[in-house]
There are 2 protein chains.
Amino acid sequence: MKKTIFVFGMLILALLLLFQLSKYAVISGDFQVEYIMAIIAVIFLLIGLFINKRAQKSSPAPKQEIDFKKIEELGLSKREYEVLKEIALGLSNQEIAEKLFVSESTIKTHVSNLLVKLDAKRRTQAIQVSKSLNII
Amino acid sequence: MKKTIFVFGMLILALLLLFQLSKYAVISGDFQVEYIMAIIAVIFLLIGLFINKRAQKSSPAPKQEIDFKKIEELGLSKREYEVLKEIALGLSNQEIAEKLFVSESTIKTHVSNLLVKLDAKRRTQAIQVSKSLNII
DNA sequence: AGTAAAATAGTACTTTAGTATGAGCCTCCT
DNA sequence: AGGAGGCTCATACTAAAGTACTATTTTACT
């Protein structure tokens, strides 16, 4: 934060200096107005590019939004979707059952239904499909 | 592409117009030089920001680089890594065997070694671990 | 040429996963 | 009240996945 304030302070200072300089140059007729304008234009274009570049780096948000519409479209029930997320975390049916406080057979039923709805043959494939559809 | 050329053409035209206008204004003394400078500065700052914004959109590369160092660190062999990638694609041992032209027992051996090296109990967990380590 | 690591493959088992089916219990909606 | 859909659970299977060896063959490197 302190760094940012410093940078902007310097920027404003430089800007003012440039203004004064250009004013003097114009009055004394050493330079044509166009040159100064062009220099300012280029400088600020670069500053604009630079600022955005930094903003881009500071927000490494490659977050993939979850496609809730797709979930509905596939007809996944709330419970099935919960199970799906646990599968993606690498849990076994037994572990999922304990985590959700139900029996393993219940989980098996959910998984079986999930595989049909996701058109997958195995839970690993279900993970792959889900990721490609952005539902997990 | 044609669109880009058009936009840049218009930009250059606008720039020249602005130059002429500002020159006239300065000479006739209607405006202070500072104002024109400031306007140009702001406009080009915005243009810089805009260009970068577009570039950012056109390159939706949230690609997660593969951490090859980590792969070595884990001691994964070339073949094991190949198998790992197929697992992540959701293939069964039998399918992987056919794809890589080896027997299923060979794949089982590889998978078993993989699970130890990745500290996973199941292939689904191996997928999760691999993704979190950015090795797939 | 010798060797260590990697790749291959097999057997024999145990453990998970997944399927098929039936059934009881809720909740929401008409 | 009746029905549909969702959640639960069980039984009985079949099919994969995973483990623990042992053992041969390739590769890569000194």
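Computed from heavy atoms alone, side chains included, the values below leave out hydrogens, waters and symmetry copies. A note on names: the letters A, B, ... follow the listed sequences, proteins ahead of strands, and every chain is numbered from 1.
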Residue mapping more 5' on DNA chain D - nearest nucleotide basis, B:R123 or B:T109: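 Its nearest nucleotide being more 5', the pick is B:R123.
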5' priority, DNA chain D, between B:Q94 and A:R79 [closest heavy atom]: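 Result: A:R79.
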Considering just the side-chain nitrogens and oxygens of [X], establish if one lies under 4.0 Å of OP1 or OP2 belonging to [N].
X: A:S112; N: C:dT19; result: yes
X: B:T106; N: C:dA7; result: no
X: A:S105; N: D:dA10; result: yes
X: A:N93; N: C:dA17; result: yes

Integer-rounded Å distance: [N] [atom2] and [X] [atom1]:
X: B:I127; N: D:dG18; atom1: CD1; atom2: P; answer: 10 Å
X: A:E82; N: D:dG6; atom1: CD; atom2: P; answer: 15 Å
X: B:L115; N: C:dT15; atom1: CG; atom2: P; answer: 17 Å
X: B:K121; N: D:dG18; atom1: NZ; atom2: C1'; answer: 14 Å
X: B:E80; N: C:dA6; atom1: CD; atom2: P; answer: 8 Å
X: A:H110; N: D:dG5; atom1: NE2; atom2: P; answer: 17 Å
X: B:F101; N: C:dT8; atom1: CZ; atom2: C1'; answer: 16 Å
X: B:I96; N: C:dA7; atom1: CD1; atom2: P; answer: 15 Å

Per B:S103 side chain, nearest of listed nucleotides C:dA7, C:dG10, D:dC7: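 Nearest to the side chain of B:S103 among the choices is C:dG10.
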First of A:E104 and B:V102 reached from the 5' end of DNA chain C, by closest nucleotide: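 In this pair, the answer is B:V102.
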Given DNA chain C, 5'-ward residue of the pair B:K108 and B:R122, judged by closest heavy atom: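 Upstream on the strand: B:K108.
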Side-chain ion pair, B:K69 and B:E72, N-O less than 4.0 Å: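 The answer is no: the pair does not qualify as a salt bridge.
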Short N-O contact, B:R79 and B:E82, less than 4.0 angstrom: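 Judged by the 4.0 Å cut-off on N to carboxylate O distance, B:R79 and B:E82 do form a salt bridge.
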Donor-acceptor contact present, side-chain B:K70 to main-chain B:I135, <3.5 Å: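 Between the backbone of B:I135 and the side chain of B:K70 there is no qualifying donor-acceptor contact (under 3.5 Å).
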Sugar-phosphate only, base, or nothing, as touched by A:S77 at under 4.0 Å among non-hydrogen atoms: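 The residue A:S77 makes sugar-phosphate contact but no base contact.
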Flag for B:T106-B:T109: side-chain donor and acceptor within less than 3.5 Å: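 B:T109 vs B:T106: no donor-acceptor pair found between side chains.
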Beyond-backbone contact of B:E95 with A:Q125, side-chain heavy atoms, under 4.5 angstrom: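 Result no, sub-4.5 Å side-chain heavy-atom pair not found.
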